[in-house]
Amino acid sequence: MFSAADHEFMAHALQLARRGLFTTTPNPRVGCVVVRDGAVVGEGWHVRAGEAHAEAHALSAAGPQARGATVYVTLEPCSHHGRTPPCADALIEAGVSRVVAAMRDPNPQVGGNGVERLRAAGILFEDGLMEAEARELNIGFVSRMTCGRPWVRLKVAASLDGKTALNNGKSQWITGGEARRDGHAWRARACAILTGAGTVRDDDPRLNVRDVETSRQPLRVVVDSHLETLPRARLLEGGNALVAAATEDTGKIAALRAAGAEVVVLPNPQGKVDLPGLLQLLAGRGINELHVEAGHKLNGSLLREGLVDELLMYFAPTLLGSGRDMFPLPELTDLSGRHDLSITDLRRVGDDIRVLARPLQP
C-alpha cells in the first residue's frame, strides 16, 4: 500500500517527466525524485536521447544524500548499456534503500532486469504507483515496444455537421487560431507527421511546427502511392521528409531524393502503400507517436484498417452543408458495424470544441 507521501512524490516525478514531452524521442519521458527523511534532495528528468537519464540527473543533484534514500521514478530503471550506462547500477552504487517505479519498462531489453538487479543488491523495489498516468505520458513508446508500431493520433478539423472542406477542396480555415495553435502543440510532441499526396498537391503544406516553441521538428511522411509529390513541394524543404510509394519510378524517385527526401517503396496487393508496413518501418526508426493530418481518403483508409489509436477532433461552431466528410467510411446497413468511440477529453479551445476519443476495441 502506497502512502499519501508516495503519491505526492510520484506526482512530482511525473511533472518532471512532462518537461521532456517534446524532446526525448525516441526515448521515453522519465522523471525522477530522490527523497530522504521526507524531503526532496535531488530531482531530474530525461531531456533528450543520448544525454543522461532522469535517475542520473537526480542522483547527481542528491550527491551523498542519496545513500539510504527512496527514489521515485516514472519508469523502471534501465539495466542495459546504450548511449548511457545502466541506471539500475547507478542506483545501487549510490546506496539508495528503496525504489518506487510508476511502471515496468515495456522495452524487451529491460524486461524486468532492472528490478532483478536492484533486488539482488538488497534494494526494496515497488511498482504500479500512478501507473495509468505514466503509461499515458509514454503511450507511443509503449505502443512501439508492445505492438511494433507507433501510437497513431489522427487530427481533423471540421464544422459541426462534420465537413472538413468544401466540395472544391477549400478548407482554410474552418477552425480558429487558438485551435490551430493547439494542433501545433500536438504536432510538436509527435515524432512524425503523416499526410497524403492529395493534401500535398492541394494545400502544399509545410507540415512543421510553427505556432509553439520546439527544439526539434518531427519527421514529415507522405503516403504517395503513385509518386505525385513534386520536388518543389514545401514539405520537402530542409529535408527530414520521407515519401512512401507503391510504385518503382526511378526518374521520380531520383528527383525526390535530389530534393532531399527519402523514398521507400511499400506496395500492397492493391497497388497502394502498405499502411501497416509503413507503421512497422516507422517504429523500427524509433517513431513513438505518429500525428496524422491528411485528407478524408487517407483518414478513411487508416480507420478501415484499424490503425487509428486516437482521434483529435476540432469542431468549429459553423455549418457547411455539403462538403467533404471527415471519414469516407462504407455505408452501413446495420448499426452493429459502427465505429464506437470512448471520449477521453472534451474541452473548448477558443471558439471551437476539441474532442479526444479512442476507438473501442471489439
Side-chain angles (χ1 to χ4, degrees), residues 12-33 42-61 73-75 78 82-85 87 105 107 133-145 150-153 155 177-195 205-222 233-242 259-262 281-293 310 312 349 354 356:
H12 183 46
L14 286 163
Q15 287 178 339
L16 292 169
R18 291 187 185 97
R19 297 187 185 184
L21 189 67
F22 300 157
T23 60
T24 64
T25 181
N27 289 353
R29 300 139 182 161
V30 182
C32 181
V33 176
E43 62 182 44
W45 67 94
H46 182 48
V47 179
R48 58 180 53 86
E51 296 184 6
H53 287 186
E55 297 95 322
H57 284 301
L59 290 173
S60 176
V73 62
T74 57
L75 188 69
C78 63
R83 285 185 277 184
T84 58
C87 292
D105 194 333
N107 186 346
E133 292 89 337
R135 283 186 172 273
E136 282 297 316
L137 186 60
N138 284 306
I139 200 162
F141 181 76
V142 172
S143 177
R144 181 164 67 89
M145 290 298 161
W151 179 265
V152 177
R153 183 178 294 112
K155 179 253 184 181
E178 290 188 45
R180 294 196 294 274
R181 282 190 291 275
D182 189 70
H184 274 251
W186 287 96
R187 281 186 183 183
R189 68 172 282 169
C191 308
I193 303 172
L194 180 80
T195 194
R206 284 175 283 178
L207 219 64
N208 57 6
V209 180
R210 299 183 301 278
D211 290 351
V212 297
E213 290 187 14
T214 183
S215 61
R216 64 167 182 87
Q217 290 288 344
L219 173 71
R220 294 167 290 182
V221 183
V222 184
R234 293 198 299 174
L235 179 142
L236 304 183
E237 293 174 359
N240 196 33
L242 184 149
E262 179 183 359
L281 180 146
L282 292 174
R285 300 186 181 197
I287 301 299
N288 293 328
E289 295 184 21
L290 180 64
H291 179 91
V292 179
E293 291 193 27
E310 189 167 45
L312 172 64
V349 180
R354 191 188 79 187
L356 273 174

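This one's a predicted model, so the numbers in the text were calculated from it and none came from an experiment.
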Worked check of side-chain contact (heavy atoms from CB on, under 4.5 Å) between H184 and R181
CA-CA 5 Å; H184 274 251; R181 282 190 291 275; 5.6 Å; no
Pairing of E289 and R29 as salt bridge, 4.0 angstrom limit
yes
Verify, without hydrogens or angle tests, whether D182 (side chain) and V349 (backbone) share a donor-acceptor contact under 3.5 angstrom.
no
Short question: side chain of R144, backbone of P26 - any donor-acceptor pair under 3.5 Å?
yes
Would you say that S215 contacts R48 through its side chain, given a criterion of any heavy-atom pair below 4.5 Å between the two side chains?
yes
Using modelled atom types and a 3.5 Å cut-off, is there a donor and acceptor pairing between side-chain atoms of N240 and backbone atoms of P218?
yes
For R153 and L312 the tightest heavy-atom approach is CG-CB, 4.2 Å
I need the minimum non-hydrogen distance between L236 and A241, along with the two atoms involved.
CD2-CB, 3.9 Å
For residues Q15 and R18, determine if any side-chain heavy atom of one lies less than 4.5 Å from a side-chain heavy atom of the other.
yes
Apply the test side-chain contact (heavy atoms from CB on, under 4.5 Å) to residues H291 and R189: give CA-CA distance (whole Å), side-chain angles for both, the deciding distance (0.1 Å), then the verdict.
CA-CA 9 Å; H291 179 91; R189 68 172 282 169; over 6 Å; no
Closer than 3.5 angstrom, by distance alone: can the side chain of R234 be matched with the main-chain N or O of L207 as a donor-acceptor pair?
no
Could you check whether any side-chain heavy atom of L219 comes within less than 4.5 Å of a side-chain heavy atom of L282, counting everything from C-beta outward?
yes
Can you confirm whether V73 sits close enough to E55 that some side-chain heavy atom of one is under 4.5 Å from a side-chain heavy atom of the other?
yes
Quick one: closest heavy-atom pair of A134 and L14, and the distance?
CA-CD2, 3.9 Å
Side-chain donor or acceptor of R354 paired with backbone N/O of A179 under 3.5 Å:
no
Between R206 and E237, does any NZ, NE, NH1 or NH2 come within less than 4.0 Å of an OD or OE carboxylate oxygen?
no
What verdict does the side-chain contact (heavy atoms from CB on, under 4.5 Å) test give for I139 and E310, after you've listed the backbone C-alpha separation in whole Å, the side-chain angles of each residue and the deciding distance to 0.1 Å?
CA-CA 11 Å; I139 200 162; E310 189 167 45; 5.7 Å; no
Using the side-chain contact (heavy atoms from CB on, under 4.5 Å) rule, take E133 and L137 through it: C-alpha gap first, then chi angles, then the decisive distance, then the call.
CA-CA 6 Å; E133 292 89 337; L137 186 60; over 6 Å; no
Min side-chain heavy-atom separation T214-R187 under 4.5 Å:
no
Short side-chain to backbone donor-acceptor contact, T195 and E293, under 3.5 Å
yes
Heavy atoms of R220 and G239 approach each other most closely as NH2-O, 2.7 Å
So do V142 and W151 actually touch side chain to side chain, heavy atoms under 4.5 Å?
no
In short, V221 meets A192 closest at the heavy-atom pair CG2-CB, 4.3 Å
Donor-acceptor pair, T74 side chain versus G31 backbone, under 3.5 Å?
yes
Is a side-chain N or O of E51 found less than 3.5 angstrom from the main chain of H46, in a donor-acceptor match?
no
For the atom pair CZ (F141) and OG1 (T25), what is the distance rounded to the nearest 0.5 Å?
10.5 Å
Are W186 and L356 side-chain neighbours, meaning at least one heavy-atom pair lies under 4.5 Å?
yes
